[in-house]
Amino acid sequence: MPNTPTHFIYHGKATGKNKTGKKIWTRIGAAWPSKSGNGFNITWEYLPLGDGVTVMLAPRAAAR
């Protein structure tokens with residue numbers, strides 16, 4: 001497993017009284033491909049609580 005994660009995990013929580021405002025995104029973890037190639041090994045720095053959406057994204061090429 002390489003030291004640099006191939007994906008980062010973010011959690012977005014909507015703002016505003018009716019939850020229709022912009023989302024506040026927080027990086028909560030990282031992921032690497034498993035040795036078998038069937039899935040990912042995930043390291044969580046924080047666990048998302050409450051409502052919101054959690055996504056896993058590959059870093060942009062310029063950020064690597």
Side-chain angles (χ1 to χ4, degrees):
M1 180 166 43
N3 290 335
T4 305
T6 58
H7 292 76
F8 292 110
I9 303 168
Y10 295 90
H11 183 74
K13 185 167 181 154
T15 60
K17 290 182 181 179
N18 56 2
K19 304 290 184 190
T20 59
K22 292 184 177 183
K23 286 188 174 33
I24 298 172
W25 291 96
T26 305
R27 189 164 89 179
I28 61 171
W32 295 260
S34 64
K35 287 183 181 179
S36 68
N38 295 324
F40 290 89
N41 295 318
I42 297 175
T43 299
W44 297 95
E45 296 172 17
Y46 303 98
L47 292 176
L49 299 175
D51 60 347
V53 62
T54 302
V55 297
M56 183 170 69
L57 302 171
R60 293 184 179 165
R64 287 187 178 180

**Item:** Residue of the set Ile28, Thr26, Leu57 for which side chain to side chain contact (heavy atoms under 4.5 Å, CB included) holds with Tyr10
**Value:**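 Filter result, single survivor: Leu57.
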
Might you point out which heavy atoms bring [X] and [Y] nearest each other, and give the distance in Å?
X     : Y     : value
Met56 : Ala31 : SD-CB, 3.5 Å
Glu45 : Arg27 : OE1-O, 4.5 Å
Asn41 : Pro33 : ND2-O, 4.1 Å
Phe8  : Pro59 : CE1-CG, 3.6 Å

Between [X] (side chain only) and [Y] (backbone N and O only), is there a donor and an acceptor less than 3.5 Å apart?
X     : Y     : value
Thr6  : Ala58 : no
His11 : Val53 : yes
Thr15 : Lys22 : yes

**Message:** Quick check: is Phe40 connected to Leu47 through a chain of hydrophobic side chains (ILVMFWY, heavy atoms under 4.5 Å apart)?
**Reply:**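 As far as the 4.5 Å side-chain criterion goes, Phe40 and Leu47 are connected within one cluster.
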
**Message:** Please determine whether residues Trp44 and Tyr46 belong to a single hydrophobic cluster, defined as Ile, Leu, Val, Met, Phe, Trp and Tyr linked transitively by side-chain heavy-atom distances below 4.5 Å.
**Reply:**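 Both belong to a single hydrophobic cluster.
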
